Every structure is written in C-alpha cells, then in structure tokens.
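Please read the structure below before turning to the comments.
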Amino acid sequence: MKPYVYITRKLPEAVIKPLTQQFNVNMWEDKEEPVPKEVLLEEAKKADALLTMLPDVVDENVFSVGEKLKIVANMAVGYDNVDIEAATRYGIAVCNTPDVLTDATADLTFALLMASARRLEEAARFIKEDRWKNWNPYLLIGHDIHHKTIGILGMGKIGEAVAKRAAGFDMNILYHNRSRKPETEQQLGAKYVSFEELIEQSDFVVCLTPLTEETRNMITLSVFKKMKQSAIFVNASRGPVVNEQDLVEALKTGEIAGAGLDVFEKEPIRHNHPLLKLDNVVALPHIGSSTIETRTAMMKVCVDNIEAVLTGKPPITLVNKAWQNA
C-alpha cells in the first residue's frame, strides 16, 4: 500500500500534487476551522505523514497512536505546538519552514512599527468615520522612526532582516540574543547589549524571540516600567512571551506610548479583549508570513520534507536533530 499523508487544512491541489502523485493523500476540507483533535487522532493512527498548521496541537497523544507515523511537517517557522521531545522518543521527524518566510515577516514587523509610531490605523479610521473637519498642527501626532533607537529581542534571521530595514531608516540598532552575532554587528552596525540596557534605551522594542520556557512571560509590567514612556512595543513572535494584562495596564497608564501586535496569548483574540479597546494598539490577526508567495513557499517546503522522508531521503529542515540517532 502507498504511504498515507494527512493534511490538517485544505491546501491548493497544485501545491500538493507531488504528494498526490506518489502517496494516498487526504485533507481536512476547511481552510479556516482547525481540524478537531479527535479527527487528528484518528488520522494519526493510519498516517505515515502529517502536514500540520500552527494551531494544531501535536502532542504525545498524537505520537502514541501514530504507529506508522514517520514525519510531522509543521507549516511555520515556530514549532511550539509540537512536542519535540515526544516526537524524538517515538522516532518521528519534525520539520518546519524556516528561511522562506523571513523577509515577509520582517516586512510585516516593520510595518507594525511604522503603523504604531505614525498612528496609521487611527488616522485611516479617523477619515473613514468622517471626523476630519479641520487641520491643526497636533492632529494625530505620532513619533519619528528615522534616527531613533530600535531594540531587537531575538536576533535570528527575522531579527537580522528587521535590522536591515531599520538601517535604511538610519536607526540606531541594539539587540539582545542568546549569543552574539559579530557579522550582523559588522554589516549593520548593530550593538549587542544586555536585556536591561535594551529595554531602557530603545524607542522601539521589537520582540522576535521563539517561545520557550525561558521566554514565556518574559515581558511583564516591571519590564514595561523600565521602558521609555515614549517607547513603542512590537511583538511579532509569540503571544505568551508577554503578560497581556500587564501590557494593557502599561498602555492605559502611559508607561509606554503604544504597541503593535501580530500575536496574542490566546488566538484568535476576541473583539472584546481589553487590548482591542485601546487607541494606542495596532492589532493584526497573526499574518506575519501572509503573502501569496511566502505561504506557497511554506507549503512547498512541507511537501518536500514529507516527500523526502517517505522516500527514504534526509528531511530538508529537520527540527529534532536527535531523530537521526533515534
């Protein structure tokens, strides 16, 4: 029998064609609603490969029933939705989609920074609601971006791409990372600083860290209180790195000037969330990599990884390197 591949969202037939030509392929027939956990478990029982999305929780329950399961290809650069340790124990490869989404996510991150600084969402709403009656020198006044200091928390590939964009705006670039990046420092003039220095000195604090036990709830009220009152906080990484209640308080009390958010503690965020009632928040529905070109490339990386593993070749973007020795 041909290997069986299950895909947890409806994807274009043209993209998954390399799989359908070689394997038995089935998809959850909905582009928006996530596959129910009970369905995922039933499919995992017979699947040789799973192509999953970020909202899918792929935990030990999935791996324990997946007797034939060889690979989980997760359509995201992050993989906090997958229990990597359990996957390795069960001898299952986990792959992600790095690199192909770097520039699209960096574009969106910098767009969030600009929209927050220049109050673009407020301004667009202002004119659409027919509230523009006169002009005055302080109408929707915002903050300069050029020649300001950007502090990047997490200088991975997306962080480096954001730093390149910041350099084009003549910004002073600070960063904090688990390890220093001498090449980035040399190429972009970025300066490595401690977490505390970055928080205190930056006009824009941009969070691009992965979600780990160390980074979970990393940004709290005490951190916001150390920022400049004119500072703008941008999060395009993962929602749980920030204490959202503390962020609401910091924005309400003027500890910081504003926030640009593409990610939230619980997604989808609901319209009545306190953050969405604040004028100094620009909120987006986790669309960092949401361009036609990038999402198609991400799908293709997943397809290529599945094709490789099911035909006995090494995966292209393996996350759990220990799998090779399992």
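Everything quoted here is computed from the prediction, not taken from an experiment.
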Straight-line distance of [X] [atom1] to [Y] [atom2], nearest 0.5 Å:
X	Y	atom1	atom2	result
K68	K45	NZ	NZ	13.5 Å
N280	L251	CG	CG	5.0 Å
L174	Q201	CG	CD	5.5 Å
K2	T20	NZ	OG1	9.0 Å

Quiz item: Can you name the one residue among V205, V206, I199 that meets side chain to side chain contact (heavy atoms under 4.5 Å, CB included) with S202?
Solution: V205
Practice problem: For a side chain to side chain contact (heavy atoms under 4.5 Å, CB included) with L261, tell me which candidate from V282, L247, L276 qualifies. | Solution: L247
If two hydrophobic side chains count as joined below 4.5 Å and joins carry through other members, does [X] share a cluster with [Y]?
X	Y	answer
V77	M298	yes
V5	V39	no
V82	V62	yes
V234	L275	no

Using modelled atom types and a 3.5 Å cut-off, is there a donor and acceptor pairing between side-chain atoms of [X] and backbone atoms of [Y]?
X	Y	value
T296	E293	no
R165	A161	yes
D203	A231	no
T97	A76	yes
N320	V94	yes
E244	E265	yes
D30	E33	yes
T215	T212	yes

Practice problem: Applying side chain to side chain donor-acceptor pair (under 3.5 Å), run through E197 and S194 and close with a yes or a no. | Solution: CA-CA 5 Å; E197 287 176 297; S194 68; 3.1 Å; yes
Is a side-chain donor-acceptor pair under 3.5 Å present for [Y] with [X]?
X	Y	result
E255	Q229	no
T317	N305	yes
D246	T220	no
Y192	N177	no
D262	N235	no

Can you find a heavy atom in the side chain of [X] that is under 4.5 Å from one in the side chain of [Y]?
X	Y	result
P210	R238	no
M171	T149	no
I71	D48	no
Q22	T311	yes
R216	L211	yes
I84	V319	yes
L101	I158	yes
R295	M75	yes

Exercise. I would like to know whether Y6 and T52 meet side-chain contact (heavy atoms from CB on, under 4.5 Å); could you show each step before the answer?
Key: CA-CA 8 Å; Y6 186 71; T52 58; over 6 Å; no
Between [X] and [Y] (salt bridge meaning N to carboxylate O under 4.0 Å), is one present in this structure?
X	Y	result
D83	R89	no
D144	R118	no
K252	E249	no

Can you give me the closest heavy-atom contact between [X] and [Y], atom names plus distance?
X	Y	result
L188	A167	CD2-CB, 4.4 Å
F204	A117	CE2-CB, 3.7 Å
H143	A257	NE2-CB, 3.9 Å
P18	E307	CB-OE1, 4.2 Å
V58	V72	CG1-CG2, 4.2 Å
L54	N74	N-OD1, 4.3 Å

Exercise. Output every pair passing salt bridge (Lys or Arg N to Asp or Glu O under 4.0 Å) with a member in residues 177-186, not counting sequence neighbours, ordered by first then second residue.
Key: E160-K181, R180-E185
Quiz item: Got a sec, which pairs hit salt bridge (Lys or Arg N to Asp or Glu O under 4.0 Å) with one end in residues 275-286, sequence neighbours left out?
Solution: R125-D279
Can you confirm whether more than 12 heavy atoms, excluding those of [X], are under 6.0 Å from its [atom1] atom?
X	atom1	answer
E32	CD	no
E267	CD	yes
K228	NZ	yes
I292	CD1	no
K37	NZ	yes

Once ring pair (Phe, Tyr, Trp, His ring centres under 6.0 Å) is applied, what residue pairs with a partner in [range] remain, sequence neighbours excluded?
range	result
residues 53-110	F110-F169
residues 222-272	F224-F233
residues 112-134	none

Quiz item: So L41 and N61, side-chain contact (heavy atoms from CB on, under 4.5 Å) or not? Walk me through it.
Solution: CA-CA 8 Å; L41 288 171; N61 292 327; 4.1 Å; yes
Could you tabulate the donor-acceptor pairs under 3.5 Å formed by side-chain atoms of residues 7-16, not counting sequence neighbours?
| unit_1 | atom_1 | unit_2 | atom_2 | d |
| --- | --- | --- | --- | --- |
| T8 | OG1 | L51 | O | 3.4 |
| T8 | OG1 | M53 | N | 3.4 |
| T8 | OG1 | D56 | OD2 | 2.5 |
| K10 | NZ | E29 | OE1 | 3.2 |

Quiz item: Which is it for T184 and M155 under the side-chain contact (heavy atoms from CB on, under 4.5 Å) test, yes or no, and what are the steps along the way?
Solution: CA-CA 9 Å; T184 303; M155 190 61 93; 4.3 Å; yes
Exercise. Show your working on side-chain contact (heavy atoms from CB on, under 4.5 Å) between I145 and K148 and close with a plain yes or no.
Key: CA-CA 6 Å; I145 300 163; K148 291 294 186 74; 5.8 Å; no
